[in-house]
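Along the sequence shown, residues carry numbers from 1. Both ligands and their constituent atoms are indexed starting at 1 by order of listing. Please read all numbers here as calculations on a predicted model, not as lab measurements.
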Amino acid sequence: MNRKDFIKTASLASILAMTGLTLQSCSSDSEDTDPNPNDPNDPNGGGQANTVQFSIANSPFTALQNDQGWLLHPQEDILLINVGGTISAFTSVCTHSGCARDWTFPNQLFTCNCHGSQFDSNGAVVTGPASSPLARLNLTRNGNDITITI
Ligand code: FES
């Protein structure tokens, strides 16, 4: 390598090093700055719980307007049921082996069709092989508007 090539290479290395330091500084600043670290609706999460919101006036949630109406949330792993006007939410992740999307509701029992476990409308195990209840999720209702904390 001659003197001219050495200077070109050294200059490029210096420029890259300076650029890299600048990018690293910007990246570090943006990761450390969350203006709403405790806001559950913050897309950065802030390490906090997420919320799911919908209206039972809109499809496909209208089934929840009726006693014993139930559904598996189409995007979230959440089972929902109306019992006597009170809507409850449970995780749809089965406590047996983790199936989350293959549920039916025959005879008023949440039935995981992966291996046949059944749960009542309070999430309690009725039929194994599951041995633990479904986890209940925090649900608040304001008229037709439902908010679930995951
Ligand atoms: S995963 Fe639900 S019964 Fe096995």
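Heavy-atom minimum distance, Leu137 versus Ile78: CD1-CG1, 3.8 Å.
Inspection of the environment of atom 2 (Fe) of ligand 1 yields the following protein N, O or S atoms under 2.8 Å: Cys94 SG, Cys112 SG.
Checking side-chain atoms of Ser92 against main-chain N and O of Ala100 turns up a donor-acceptor pair under 3.5 Å. The backbone N or O of Ile56 sits nowhere less than 3.5 Å from a side-chain atom of Asn144 that would complete a donor-acceptor pair. Here the side chain of Asn107 pairs no donor or acceptor atom with the backbone of Leu109 at under 3.5 angstrom.
You'll find the ring centres of Trp70 and Phe90 outside the 6.0 Å limit.
The aromatic rings of Phe54 and Phe61 sit parallel to each other, their planes meeting at less than 30°, with 60° as the upper class boundary.
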